[in-house]
Each structure stands twice: as structure tokens, then as C-alpha cells.
Amino acid sequence: MTHCNPSLGLLRANAPAVPSVFRNTPPANAEDESLRTAPEDWRAQMSEVGRLFNNNELIVAEVLQSAEAMKAAVTHLEQFMEKADTAARGKVILATVKGDVHDIGKNLVEIILANNGYDVVNLGIKVPPDVLIQACLEHRPDAIGLSGLLVKSTQQMVITAADLKAAGILAPILVGGAALSEKFTRTKIAPAYGEAVCYAKDAMTGLSLMNRLVDPAQRASTLASHTFTEAPAVVEAPVEPLAPVTTRRSRKVRTDLPIPPAPYLDRRVRDVPNLAEVWSYINPFMLYGKNLGYKGNFEKDLLAHEPKALELFHNMDAVKQEVAGFMKVKTLWQFFEAEREGNAIHLFEQGGATPLQTFQFGRQRREDGLCLSDYILDAEEGRRDHLALFVVTAGDGIGERAEAWKKAGEYFKSIAIQALATETAEGTAEWLHRRIREDWGFPDPPTIAMHDRFTSKYHGKRYSFGYPACPNLDDQRGVWKLLQPDDIGVQLTEGMMMEPEASVSAIVFHHPDCAYFTADEGETALSV
Ligand code: B1M
């Protein structure tokens, strides 16, 4: 990756006098007059990057590239600066909470904060409260940033906040994560801490909160507006009473279908050497949009040769070429005989009488509500139906490589490789599901487009534990018991997450009436 980037171009267009610290190459004359005001200049320029981002004029990838250019310039210039000039604006400890392996969001926050003048102590993933407390006592941070991917992790944030309070820590906490909300932060995490807890929906919000917290003129009001010692009284909107708990199969799901025979019942373990094939199963909206912040329709813009889309595509392509030398995609799957009993599914080895594993599922509490067990057909002439379980990963060695690139100031590459790995895991899940359909005897028609796969327009569906139809993540234990994914290097954490981060597990049904739905809680008890 070169340090030549479009965001600098943008900055030049908007700011005619580009300070020397923001040049791509070090100044020829190190005694350059503008060095005297260098820290103010680079902070002003990074603030400008933040302003442009908040105005939707820059995307995440460009912010990272701007940070790369700044880091390169500052590293060169540090030798000519007074120590006071390089002083940090404040210190932040960052950690992904106990049980959670989510790294990419936290690392993005680290890069943004560090390149805006903050001293960041990144404690990594799966950080238990006692380690965090020790680090707080050692580093005396101005703020603590907590990250996490799953709902379980938001609950772990409440526990962590309570432990920090018990240890007498007072520093404001910033929290972020895909399953977190402002409301949960105010009503659950903040009261457990008793001090300020700020919800940061993304890295730039985290930065602007930090800026307010270290600004003497804004600090008191920012702390006050984020301190909630008691959960605010919530006026509950009247809710429609739910239908009674039932284990009755929904009439939306047909039962008069023949059972397709399973192709094999042994466990299959396969490496997927053809990365290009797996990458063709990556949804561009997720890779370029959700992860790298591209705004608009990436595919359409790429076809129209939009410069931003083209540049992002080429930069990611360069990362792919480098990554192709070491990324390993591993898969593991197995078909099991399955029987439905109310809202539960029992899995058996071939002809077995005692279930190897039973999964209890939730049902929608409404007339004809759905439950995953509905998709298992009743045995006919002693022949049981089947389902498949799988685990895939693309995360081996990715964290280490991302860390090395981050340390070297190659920020775009560092985040891009993590995004590529997580989306490769998701793409591999899509790829393996296609293969399972083929093996099962219902291959996709040749006319199918990749977009049809992204919107699951095929025979049957796959569901992942933690998603709305089967939210109970503890069921991951059952997958581990049956498949032993440790054999492909995937471990289950105490938070029921898979390590490495870029991993996906799923349960595959063949039933043509499969739909995605949200199961209601509280009806998992087996009552038939
Ligand atoms: Co999955 N996943 N996923 N997933 N995934 C969610 C989180 C989920 C909400 C989807 C859903 O149900 N609709 C759901 C969780 C629900 C729950 O908890 N019950 C879910 C699930 C269940 C799972 C699995 C368990 C499914 C399975 O395989 N059984 C599995 C778990 C993976 C594991 O165990 N290793 C899984 C896997 C995956 C992929 C690997 C395919 C992929 C990558 C995950 C990843 O990012 N590590 C993925 C994705 C992409 C998602 C969604 C779609 C997007 C997550 C995301 O945006 N990541 C998500 C649903 C959604 O949000 N729409 C979903 C990008 C990242 C840059 O953003 O981490 O939010 P984020 O960080 C932001 C901010 O939060 C903020 O700044 C960051 C940068 O801007 N921030 C801070 C974060 N920390 C901060 C700290 C601060 C400040 C700001 O302090 C200063």
C-alpha cells in the first residue's frame, strides 16, 4: 500500500496550504518553519478528516489511509520535535470483554484514537474484569473503551462496569458493539457503574466523545450527561398478549413431502484451497459497505467506474493477492439423523436409539408460529429425516498479521485483512451450504445468480446459533460435542464465541418451506 491516497487529495482541495506534516514524503528541509506548529497542524488535519467523515464525504477506508499518511509523516518528524509537541491528548485503555473474541471493531477504534493524538493501551480480546482493573491501576487512563460483538457481551459489560466500580475506578467508560444500544447503555451499564458511560455507535463517535472528555470546557457537561446512577423509569408501551406457549407444528410448513436421503453420514473435514472461488461468495455490500464504509451501491458504482469504488476495489485486490499466500479456509460438516419432538430436535447416529444431542428451540408465540423443529419431517417406514451441521473458519493467523501491519502503520491493510477474513468465513458458509445442497440432491439451478444466494433463494436454509430463529448461543456446545471443530483449529470460548474471530457455525435444513423468523423466548421447554 502506498501512502498516496484520495483523502489527502480531498484535503488538498479543501485546504490550500497543506502543512508539511501531512505531506506524503518527508520535507526536504527538516528545518522547515512549519514544524514548530506541527502537532496542532496534524491534529487539525485529522479533525478535518473526522469532519469530512461525519459529513459523509469520506469513507472508513479513506480515514485509514489518511491516518497512514499522517503516521508516516509524524514518525519521520518526531526526531525534530520538542517532547512537549508529541505529548498525548489523553490515555485510553481499550479491551474486548471477557468471553468475546471480536477484534476488528476495537482495532479500528484504536487506530482512529491513536492517530488523533491519544495514547492507546489495547489489552486485546477476552479481557476479564480483574485484568482491566489492574491495567487501570497501572496506566491511570482518562477513559476506558469496552468492545464486544454479541448480546452476551453487552451483559458482560454490565458485570465489568460493576467490578470496575467495586475496585474504585472512576474513569469514564466508552462502550461499542454490534449488539449494543444507547438504551441498554443508559439503563443497564451506566447504573451498574455509577460514573459516566458513553455509547459510541462507531469509531468516529468514540473519537468525538474522547475529544469532549479531554476538553476542560466540555468535560463536566459530557460526564454529567452520561451519568445515570439509576435506571430511568421506563414507560412500557402496552404490548399485545402473546399466544400461549405451544409445541404444535405450524401449518405453514408442509409435512406431506418425501424425505430426501442423506448422501453420507461420516464427518467431512476439508481445506478449501481455491480462495478465488470462495471469495466469489462474499457479499460486496458486507465487505466494502458494512466493513470499509463504502456509501452507495458498491457493485453498481464499480461497474460505472466510479473512482472511489474503483480505488477501493483495487486496494482490496492488492490485499487479497498478499493474503492468498497464507489465508487458510477450513471446513467441517456432518449429516445427522433427526427426529422432531415438539419444539425439540433429537440427533442420532445412523439407526441409533438414544439421541446424541437434543436441541430445544423457541417457537413464535402467535397463531401458526414457526419453530425450527417444524422443518424436520416425521420418519417414514422407519427412515428418519436428516439435517447437517457445519463449522467453517478463515481466521488462522489473521490476528497476528493484522497486528503486525497495524504496528507498521499499514492501517488500511490491517483492517482490510480482518474484514476480508470475517467475510471469507461468511462466504465459505455460503459456499459450503451450496455444496451440501448439491450432495443432498438438490443442486442450485444453473441460472442462479450469486445475489439469489445472498438472499437465500434456494432449496432449504441455514441458521446460525445466536441468530433470531435460534438465539440460544449455549447450543454451540452441542455443535462442539458432535463435530469437534477444534480439529480445524476453532475453539469455543466461555462466552460461546468461536476463536478465531473469522468463523461461522450453522445448522442446515432441506425443507423447501424454510423461512427466517424470530423465535419468541420462554417456550423452549419440551412439553410433548
Ligand atoms: Co455475526 N452476529 N456472528 N458475524 N454479525 C451479529 C453481531 C448479530 C447481531 C447478527 C444478528 O443476529 N442479526 C448476531 C449477534 C446476536 C447475539 O448476540 N445473539 C451475530 C451472531 C449470532 C454471530 C455468530 C455467533 C453466528 C454463528 O456463527 N453461530 C458468529 C460469531 C463469530 C464468532 O464467534 N467468532 C458470527 C459471525 C459473524 C461473521 C464472522 C460472519 C461476521 C464478522 C463478525 C465481526 O465483525 N467480528 C459477522 C457480522 C459481519 C455480523 C454483523 C452483520 C455486523 C458486525 C459488524 O458490523 N462488524 C452483525 C449484525 C449487525 O450489526 N447488523 C452480526 C464490523 C465492526 C467494524 O463493527 O464491531 O460494531 P463493530 O465496531 C464498531 C462500533 O461498534 C464501535 O466502533 C467500531 C468501529 O466503527 N465500537 C466502539 C466498538 N467498540 C468500541 C469501543 C469504543 C468506541 C467505539 O471505545 C472507545
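What you see is a predicted model; the values in this text were computed from it and never measured. Along the sequence shown, residues are numbered consecutively beginning with 1. Both ligands and their constituent atoms are indexed starting at 1 by order of listing.
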Checking side chain to side chain contact (heavy atoms under 4.5 Å, CB included) between Phe465 and each of Val479, Asp474, Asn472, which is the one that passes?
Val479

For [atom], what's the nearest protein heavy atom and its distance?
atom	value
atom 61 (C) of ligand 1	Lys290 NZ, 4.1 Å
atom 59 (C) of ligand 1	Ala178 CB, 4.2 Å
atom 37 (C) of ligand 1	Ser503 O, 3.9 Å
atom 47 (N) of ligand 1	Glu501 OE2, 2.7 Å
atom 78 (C) of ligand 1	Gly105 O, 3.7 Å
atom 3 (N) of ligand 1	Tyr467 OH, 3.9 Å
atom 15 (C) of ligand 1	Leu150 CD2, 3.5 Å
atom 43 (C) of ligand 1	Thr422 CB, 3.5 Å

Under 4.0 Å from ligand 1, counting heavy atoms only, is it the side chain of [X], its backbone, both or neither?
X	result
Leu108	side chain
Ser505	both
Glu499	neither
Glu423	side chain
Val92	neither
Val151	both
Val504	both
His102	side chain

So that I can tick it off, tell me whether [Y] and [X] are bridged by a salt bridge, with the cut-off set at under 4.0 angstrom between side-chain N and carboxylate O.
X	Y	value
Arg435	Asp444	no
Arg434	Glu277	yes
Arg219	Asp215	no
Lys126	Glu494	no
Lys152	Asp100	no
Glu403	Lys407	yes
Glu68	Lys413	no
Asp520	Arg366	no
Lys201	Glu182	no

With only distance considered, is [X] within less than 3.5 Å of ligand 1 through an N or O on each side?
X	value
Gly466	yes
Phe465	yes
Glu426	no
Leu473	no
Met498	yes
Lys106	no
Gly145	no

Test Phe298 against Tyr288 for ring-ring contact (aromatic ring centres under 6.0 Å, His included), laying out the working first.
CA-CA 7 Å; Phe298 181 80; Tyr288 299 100; 3.9 Å; yes

Heavy-atom gap [X] to ligand 1 smaller than 4.0 Å:
X	answer
Ile144	no
Met496	no
Met204	no
Leu94	yes

Partner of Trp440 by ring-ring contact (aromatic ring centres under 6.0 Å, His included), out of His386, His511, His510
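Answer to the ring-ring contact (aromatic ring centres under 6.0 Å, His included) test with Trp440 among His386, His511, His510: His510.
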
With heavy atoms of Leu174 as the reference, note each atom of ligand 1 found under 4.0 Å away.
90 (O), 91 (C)

Does atom 21 (C) of ligand 1 have a protein heavy-atom neighbour under 4.0 Å away?
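Under 4.0 Å from atom 21 (C) of ligand 1, at least one protein heavy atom found.
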
Is atom 33 (C) of ligand 1 close to the protein, meaning a heavy atom under 4.0 Å from it?
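It does; a protein heavy atom is within 4.0 Å.
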
Gln65 versus Glu311: any side-chain heavy-atom pair under 4.5 Å?
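Sidechains of Glu311 and Gln65: in contact.
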
Do Glu426 and Val504 have side-chain heavy atoms sitting under 4.5 Å apart?
yes

Of the choices Ala203, Gly176, Ala179, which has the non-hydrogen atom that lies closest to atom 77 (O) of ligand 1?
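When every heavy atom of Ala203, Gly176, Ala179 is considered, Ala203 comes closest to atom 77 (O) of ligand 1.
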
Closest to atom 87 (C) of ligand 1 among Leu180, Leu207, Val392, Val109 (heavy-atom distance)
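Closest candidate by heavy-atom distance is Val109.
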
Which pair of heavy atoms, one from Arg270 and one from Arg268, lies closest together, and at what distance?
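Between these two residues, the closest heavy atoms are NH2-CD, 3.6 Å.
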
For this output row, return yes or no: ring centroids of Tyr516 and Tyr463 closer than 6.0 angstrom.
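Yes.
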
Arg437 NZ/CZ over Tyr458 ring centroid, <6.0 Å and within 45° of normal
yes

Have Gln364 and Thr518 got a donor and an acceptor in their side chains that come within less than 3.5 Å?
no

